[in-house]
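Since the structure comes first, as structure tokens, the remarks are kept for the end.
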Amino acid sequence: MIKQIYMDHSATTPVDLEVLEAMLPYFAEKFGNASSLHSFGRRANTAMEAARRKIADLIGAHEEEIIFTAGGTESDNIAIKGVTLKKKKYNADSHGPHIITSAIEHPAVLETCKYLETQGFKVEYLPVDRYGMVSVTDVKNAIGKNTFLISIMHANNDIGTIEPIKEIGKLARERNILFHTDAVQTVGKVPIDVDKMNIDLLSISSHKIYGPKGAGALYIRKGVKLEAFAHGGGHEKGLRSSTENIPGIVGLGKACELAKERLTKDNEHLTELRDELIKNILNNIEESYLDGHPTNRLPNNAHFRFTGIEGESLVLTLDEKGIAVSTGSACSSKKLTPSHVLLAIGLTMVEAHSSLRLTLGRGNTKEDVEYVTNVLPDVVKRLRDISPIW
Ligand SMILES: *Cc1c(COP(=O)(O)O)cnc(C)c1O
């Protein structure tokens, strides 16, 4: 059988076997409803609260500041709509935007903001530089009298650039503006402390950190008021009603516990592999370029462009060789429009279409990097041989 190498961890990760093991009893044996008063319910509730502590521990929060959600998308929606809809009074004509965000946010943030624009709220989408960095000065200049929320992602899922969120958070704090960050790509990879980083709301997704899909969490700083997202039985402080997904919650908790234990080790391992991969590819393939920030980037992200190549063909050809990677990002690669992130850093349509994202994970080895280093130059050459634009 052909060797299979998975280098698409920013799209999703495998469930860690320890996470799976932790979850299993909560399907058929300890299946209780966490709201029930009997022992089945109490067992579920105890497991849920233990998970909440583990999540809080990973980001320097208190357990009462964590609510469970159905994933990163839902956390972003609850945070942004929750804060915004709480603002019953707003003045569409007054100066300055209500919400400040960036042009390179995940669709879970961008589309939520676009929706709020249809409801009369003003949103400013800040541009980024060619490395995908948001400028703190731009944020400062955009703030107006009516700005009540800033939402800037911690790291970009496409190109891996890590944003200056500590400084942005500080600005927001000084002006009494709430600061939300989508940290789906950084949780477990980069140290996070919600106090030191001045964060009021932070989104987490379980399936990006070796937990199960369909689970997530939102950190809400004590005192921050949100409008409910789902109305019903009043679960999760009334913010998100629905019987809790206990296996998912237990899995997310375990994933956070492991992430905390392994953060330094994982970070070193990924950085080493990433740097080796970037060096090899740039050295061995002519007219290859690295996108995203050269140093201030996710430890597991390598994002390239190869002149004359069509990213989709590259992904499919690599798949035949057992290498699973992505063009731009998994969210946009089924559409024909290139990633909004690549356009925002100033790439042309053709350049944006020639990109390839490799995102490493815990399971990747030096041998994997070696294999990709051996296979990729050859594949690029073959595709270039038949490319009309090379
Ligand atoms: C994957 C991802 C999301 C969405 O998370 P889901 O759990 O899949 O809904 C949101 N933001 C970023 C940056 C992501 O990478």
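Everything numeric here is computed off the predicted structure, so don't read it as measured data. In listed order, ligands and their atoms are each counted from 1.
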Ligand 1 atoms in contact with Gly72 (distance to a heavy atom under 4.0 Å): 5 (O), 6 (P), 7 (O), 9 (O)

Proximal ligand 1 atoms for Gly71, defined as those under 4.0 Å from one of its heavy atoms: 7 (O)

His154 side chain to Thr186 side chain, donor-acceptor N/O pair below 3.5 angstrom: yes

For Ser205, atoms of ligand 1 separated by under 4.0 Å from a heavy atom: 5 (O), 6 (P), 7 (O)

Ring-face cation contact, Phe229 with Lys81, 6.0 Å cut, 45° max: no

Phe40 six-ring face occupied by Arg42 cation (under 6.0 Å, within 45°): no

Residue pairs involving residues 253-263 (criterion side chain to side chain donor-acceptor pair (under 3.5 Å); sequence neighbours excluded): Lys54-Glu257, Lys254-Glu257, Arg262-Asp266

Within reach of ligand 1, part of Lys208 (heavy-atom separation under 4.0 Å): side chain

Aromatic plane relationship, Phe121 with Phe148 - under 30° parallel, 30 to 60° tilted, over 60° perpendicular: perpendicular

Residues which pass side chain to side chain donor-acceptor pair (under 3.5 Å) with Glu367, listed by chain and number, not counting sequence neighbours: Thr365

Close N or O approach (Glu74, ligand 1; < 3.5 Å): no

Part of Val184 with heavy atoms under 4.0 Å of ligand 1, whether side chain, backbone, both or neither: side chain

Location of contacts on His207 toward ligand 1, heavy atoms closer than 4.0 Å: side chain

